[in-house]
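Letters go in sequence order (proteins before strands), and every chain restarts at 1.
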Amino acid sequence: MVTPQSEDFSKWYNEIVYRADLAAQSPVRGCIIIKPYGYEIWEAVKNWLDRRFKETGHQNAYFPLFIPESYLKREAEHVEGFSPELAVVTIAGGKELEEPLVVRPTSETIIGEAFSQWIQSYRDLPLLINQWANVVRWELRTRPFLRTTEFLWQEGHTAHTTEADAEAETMQMLDIYADFAWNQAAMPVIKGRKSENEKFAGALRTYTIEGMMGDKKALQSATSHNLGQNFAKAFNIKYLSRENVEEYCWTTSWGMSTRIVGGIVMTHGDDKGLRLPPRVAPIQVVAVPIYKTETEISAVTEALQRIVKELRGAGIRVHIDDRDETPGFKYNDWEMRGVPVRLEMGPKDLEKNSVVLARRDVPGKEGKQFVSQDGIVQAVKDLLDTIHHHMLQQAQDFTQSNIQDVHSHDEFKQVIEAGYWARGWWAGSNEQERGIKEETGATIRCFPLDQPGGNAPCFLTGQTADRIALFAKAY
RNA sequence: CGGGGCGUAGCGCAGCCCGGUAGCGCGCAUCGUUCGGGUCGAUGAGGUCAUGGGUUCGAAUCCCGUCGCCCCGACCA
């Protein structure tokens, strides 16, 4: 049995990560071993995103893990933002290095340097590059997947001729992330813009998708930055325009990381374990044969093999659990590991030409149904789809019912104190935003892109505000 | 960096106060049994007790130091 979410969410999360076999602790502080089952979820993320990146004209490349320390310093805000969490190599090959190398915390700088050489003319633009990589940030507090010292991600880096083009790229990638979250991971994230305090170090504007986890804390699930000309100026990324004038590029960067695996766990998991959204689940259907005698074993196995072959032929990811354990043990085991559909087949099914399909998202008898073996492929496909939508709907209901509108400072404090997200008109300063954080622990998660429009008084200052902000405690 | 906890079998822990040469549960292996919601039994394998030093005839246990990891905060994807 796992610690119930209601008792200690954090403890629940840790237990799930290890017991569902997603990851293991490593000998290195803050670093985890991503085990095959967890890595397969990441591969699902990766494969989907990679396809979308390529469809939208991006190409993959790979840049060095090490970055000359001086590069980081070329963009003032950037170095200030990242220097506290850098790992720096000062000795290599038994000798002290002339210039220390930082292990990349992100690659704007070294890619910016490359871009400055690659780009000469407006004909070279837009330049659309992505890299799949590991990065290192020496965070003070780590948690499996959500914040590890080393993590995997993709970082897109692009250069454009105009601010409008850069902004369009930034939004396009944000939309792809949101598409992934909603339609693959069944996470109803909210798209929005970061406040000045929360934006990426060195960016002009940062956009984010924010998701509500099972404990109502917010998780920044991906970000997309319009870097303006900040990095172009710092790294001399210039092009010659059609009019033969030298101009600075407008650049963007955007990323999603292995953090999303933690987000999936915390969005969907329950007290029986993990619940994986079907489209990212490494195993979509686990087949459990049921039998008593030798004759039954061969009969059931044979029929099951046939069904599984059919399902696999249709592109469904099926695993047969033929371990020498009792069915009950297997049910619990696969529920812990979050497999969306369990297919049971036993002697009774052979007689009736049926199988049992059990849904992970609907507990107990209610989620079980007998289905004819004829048309099993379509039935399973439909069921996986139904499960996806049901999980999305559940998460959406949960998110919506835990966001409260606030109109005054007192109301705000109560709402945050009670663990909800607060939504309210905001015209406060950066200072006042920091004050709120100090006072309640909540930060502006974003200014949602979806705004009501018009004006209303700021809940804190009473001044006329032209936009609403979402506040929450965050991971 | 502040606060707390923990290092003993693959995992989770007991033993330590009151020194005498290591034990329980799970897991693992083999055999049998069971099998539509965590079967049951038998046998067996597996440990430099984190590490350095000290006290002692004798240290997992007492004393001093070191290292590491985890959890809670501040920093952050």
List, one per line, each side-chain donor-acceptor pair under 3.5 Å for residues 262-273 of chain A, sequence neighbours excluded.
| from | atom 1 | to | atom 2 | distance (Å) |
| --- | --- | --- | --- | --- |
| A:Thr267 | OG1 | A:Gly263 | O | 2.6 |
| A:His268 | NE2 | A:Ala185 | O | 2.8 |
| A:His268 | NE2 | A:Ala186 | O | 3.3 |
| A:Asp270 | OD1 | A:Lys272 | N | 2.8 |
| A:Asp270 | OD1 | A:Gly273 | N | 3.2 |
| A:Asp270 | OD1 | A:Arg360 | NH2 | 2.8 |
| A:Asp270 | OD2 | A:Arg360 | NH1 | 3.0 |
| A:Asp271 | OD1 | A:Gln5 | N | 2.8 |
| A:Lys272 | NZ | A:Glu335 | OE1 | 3.2 |

Using a 4.0 Å heavy-atom cut-off across all strands, classify A:Thr223 as base, sugar-phosphate, or nothing.
nothing

Rounded to the nearest 0.5 angstrom, the CZ-CD distance for A:Arg434 and A:Glu439 is 15.0 Å

Gap between atoms CG and P, on A:Leu304 and B:rC35 respectively (whole Å):
19 Å

Sugar-phosphate, base or nothing in reach of A:Phe200, heavy atoms under 4.0 Å:
nothing

Can A:Arg104 be said to sit on top of A:Phe63's aromatic six-ring, NZ or CZ under 6.0 Å from centre and within 45° of the ring axis?
no

Side-chain N or O of A:Asn14 less than 4.0 angstrom from OP1 or OP2 on B:rC71?
yes

At under 4.0 Å between heavy atoms, what does A:Arg29 touch on the DNA or RNA strands: base, sugar-phosphate, or nothing?
sugar-phosphate

Note: contacts of residues 171-197 of chain A with RNA chain B (heavy atom, under 4.0 Å) are none

Under 4.0 Å between a Lys/Arg side-chain N and an Asp/Glu carboxylate O for A:Glu351 and A:Lys348?
no

Select base, sugar-phosphate, or nothing to describe what A:Val356 touches, counting heavy atoms under 4.0 Å on all strands.
base

Do other residues, nucleotides or ligands put more than 12 heavy atoms under 6.0 Å from A:Asn353 CG?
yes

Nearest to the side chain of A:Lys292 - B:rC70, B:rC35, B:rG37?
B:rC35

Inter- and intrachain pairs under salt bridge (Lys or Arg N to Asp or Glu O under 4.0 Å), touching residues 206-218 of chain A, at least two apart:
A:Lys194-A:Glu210, A:Glu210-A:Arg445

Between B:rC11 and B:rU21, how far apart are the P atoms? Round to whole Å, please.
26 Å

May I ask you to say what A:Leu219 touches in the nucleic acid, namely base, sugar-phosphate or nothing, with a heavy-atom cut-off under 4.0 Å?
nothing

Rounded to whole Å, how long is the line connecting atom CZ of A:Arg143 with atom C1' of B:rC69?
16 Å

Presence of A:Lys365 side-chain N/O under 4.0 Å of B:rG36 phosphate oxygens OP1/OP2:
no

Kindly point out which of B:rC71, B:rC35, B:rG37 is positioned nearest to the side chain of A:Lys272?
B:rG37

In the structure shown, which nucleotide is the Watson-Crick or G-U wobble counterpart of B:rG23, with both distances under 3.5 Å?
B:rC13

Paired nucleotide for B:rG68 [Watson-Crick or G-U wobble; both distances under 3.5 Å]
B:rC6

A:Glu344 has its side chain closest, among B:rG36, B:rC69, B:rC71, to B:rG36

As a test of reading the structure: which of B:rC75, B:rC71, B:rG36 is closest to the side chain of A:Ser10, going by heavy atoms?
B:rC71

Listed partners of A:Ala418 passing side chain to side chain contact (heavy atoms under 4.5 Å, CB included), at least two apart:
A:Tyr420

How is A:Ser26 classified with respect to the nucleic acid when contacts are heavy atoms under 4.0 Å: base, sugar-phosphate, or nothing?
nothing

Under a 4.0 Å heavy-atom cutoff, the residues of residues 332-342 of chain A touching RNA chain B are A:Asn332, A:Glu335, A:Arg342

Between B:rG36 (C1') and A:Leu357 (CG): distance, integer Å
14 Å

For A:Gly30, answer base if it contacts any base atom (sugar-phosphate contacts may also be present), sugar-phosphate if it contacts only those atoms, and nothing otherwise; contact means non-hydrogen atoms under 4.0 Å.
sugar-phosphate

Atom-pair distance (CD1 on A:Ile32; P on B:rC70), nearest Å:
11 Å

Separation of B:rG5 atom P from A:Lys11 atom NZ, nearest Å, is 16 Å

Anything under 3.5 Å between a protein N or O and an N or O of nucleotides 27-29 of chain B, put it in a table, one pair a line.
none

Atom-to-atom span, CG of A:Asp21 to C1' of B:rG10 - whole angstrom:
13 Å

Quick note, A:Tyr291 side chain, CB onward, closest among B:rC35, B:rC71, B:rC69 is B:rC35

Atom CG of A:Asp324 and atom C1' of B:rG38: how far apart are they, to the nearest Å?
15 Å

Between A:Lys35 (NZ) and B:rG10 (P), how many Å, whole number?
15 Å

